[in-house]
Amino acid sequence: MNNITFGGMRASHYSKRNTAKNQSSTPLRDQCLFSELANFQSDRTAKVHPGILASAWTENGQELHLDYDESSTADNPVIKAWGIDSKGEDFERMIHVNEVDPRNASPAEMRALEAHLKKQGDSVIASSGMREWRVGEAMWGFDVNEKLNFIQFLNEGAQMAIEPEKGAKTRMDAERFLFYFQQNQGRGEL
């Protein structure tokens with residue numbers, strides 16, 4: 001295992017963290033950008049796990065690692081997620097990819113869905129090119145396990161895109177995530 005060190009110190013806070021995120025009139029994108037988490041830099045050393053499905057780190061100290069669980073099957077993909085949350089606490093959980101509802105999902109769940117679709121070679125999610133606002137940005141301002149409406153989050157980012165192509169790709173991602181969830185409804189555990 002390798003390590004990455006994030007240097008820095010606590011930055012000034014723009015606003016207090018809103019506890020009812022999805023019920024606020026403030027756009028989720030702005031809540032993310034101006035949260036206390038987005039304005040905190042950790043000097044903690046992050047762990048690196050080579051050879052796993054995906055990893056993500058943020059300067060605020062959160063880390064997320066994903067890999068398929070041994071119980072995972074083609075029809076019922078299960079991803080083990082582990083890492084450090086916004087409080088600096090270790091977490092570990094299993095994510096059943098087919099059950100991830102992007103209208104009510106955590107950054108960990110959405111990163112698992114995104115990583116699975118990329119691994120499967122999904123033509124939308126795996127396509128090259130920058131998006132205006134991506135799933136990973138949610139960890140800047142939200143706890144890795146906090147539920148939010150990613151369809152709203154991505155569409156707000158797309159709406160603010162300076163380059164129309166980036167906004168269009170972000171909207172396509174949102175549509176693809178929702179389509180995947182709807183397509184797998186009713187399949188249940190196999």
Give the C-alpha distance, both sets of side-chain angles, the deciding distance and a yes or no for side chain to side chain contact (heavy atoms under 4.5 Å, CB included) between Leu117 and Phe177. CA-CA 9 Å; Leu117 290 173; Phe177 292 135; 3.9 Å; yes

What verdict does the side chain to side chain contact (heavy atoms under 4.5 Å, CB included) test give for Asp173 and Val124, after you've listed the backbone C-alpha separation in whole Å, the side-chain angles of each residue and the deciding distance to 0.1 Å? CA-CA 7 Å; Asp173 288 354; Val124 173; 3.7 Å; yes

Can you list the steps and then say if Gln159 with Asn155 is a side chain to side chain contact (heavy atoms under 4.5 Å, CB included)? CA-CA 6 Å; Gln159 185 177 8; Asn155 284 327; over 6 Å; no

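Here the NE2 atom belonging to His65 is positioned 12.5 Å from the CG atom belonging to Leu53, to the nearest 0.5 angstrom. Remark: Met110 CE to Met139 CE distance equals 14.0 Å, nearest 0.5 Å. Here the OG1-OH distance, from Thr73 to Tyr68, works out to 11.0 Å after rounding to the nearest 0.5 Å. Expressed to the nearest 0.5 Å, how far CG of Leu148 lies from CG of Asn104 amounts to 8.5 Å. With values rounded to the nearest 0.5 angstrom, His96 atom NE2 is found 13.5 Å from Asn184 atom CG.
Contact detail for Ala108 and Leu64: the closest heavy-atom pair is CA-CD2, 3.7 Å. The two residues Phe91 and Ile84 have their closest heavy-atom pair at CE2-N, 3.6 Å. Closest approach of Leu154 to Val135, counting heavy atoms only: CD2-N, 4.1 Å. What you find for Pro77 and Ser72 is that their closest heavy atoms are CA-OG, 3.3 Å.
The backbone N or O of Ser86 lies less than 3.5 Å from a partner atom in the side chain of Asp143, making a donor-acceptor pair. The backbone N or O of Ala158 sits nowhere less than 3.5 Å from a side-chain atom of Thr170 that would complete a donor-acceptor pair. Side chain of Glu137 to main chain of Arg134: a donor-acceptor pair is present (N/O by atom type, distance under 3.5 Å, no hydrogens or angles). The backbone N or O of Ala126 lies less than 3.5 Å from no partner atom in the side chain of Asp122, so there is not a single donor-acceptor pair. With hydrogens and angles ignored, the 3.5 Å screen pairs no side-chain donor or acceptor of Glu175 with any backbone N or O of Met172.
Side-chain contact check for Val78 versus Ile95: every heavy-atom pair is 4.5 Å or farther apart. Within the 4.5 Å cutoff, the side chain of His116 has heavy atoms near those of the Gln120 side chain.
Evaluation of the salt bridge (Lys or Arg N to Asp or Glu O under 4.0 Å) rule for Glu92 yields Lys80 as partners, not counting sequence neighbours. Applying the salt bridge (Lys or Arg N to Asp or Glu O under 4.0 Å) test to Asp69 and every residue at least two apart in sequence or in another chain returns nothing. When the salt bridge (Lys or Arg N to Asp or Glu O under 4.0 Å) test is applied to Asp67, no partner is found at least two apart in sequence or on another chain. Scanning for salt bridge (Lys or Arg N to Asp or Glu O under 4.0 Å) contacts around Arg171 gives an empty result, with sequence neighbours left out. With sequence neighbours excluded, the residues satisfying side chain to side chain donor-acceptor pair (under 3.5 Å) with Asp101 are Arg103.
Residues Phe150 and Phe153 bring their aromatic ring centres within 6.0 Å.
Applying the salt bridge (Lys or Arg N to Asp or Glu O under 4.0 Å) test to every pair with at least one member in residues 107-120, sequence neighbours left out, gives these pairs: Arg93-Glu109, Glu109-Lys147, Arg111-Glu114.
Tyr180 and Asn98 share a donor-acceptor pair across their side chains, judged by distance under 3.5 Å alone.
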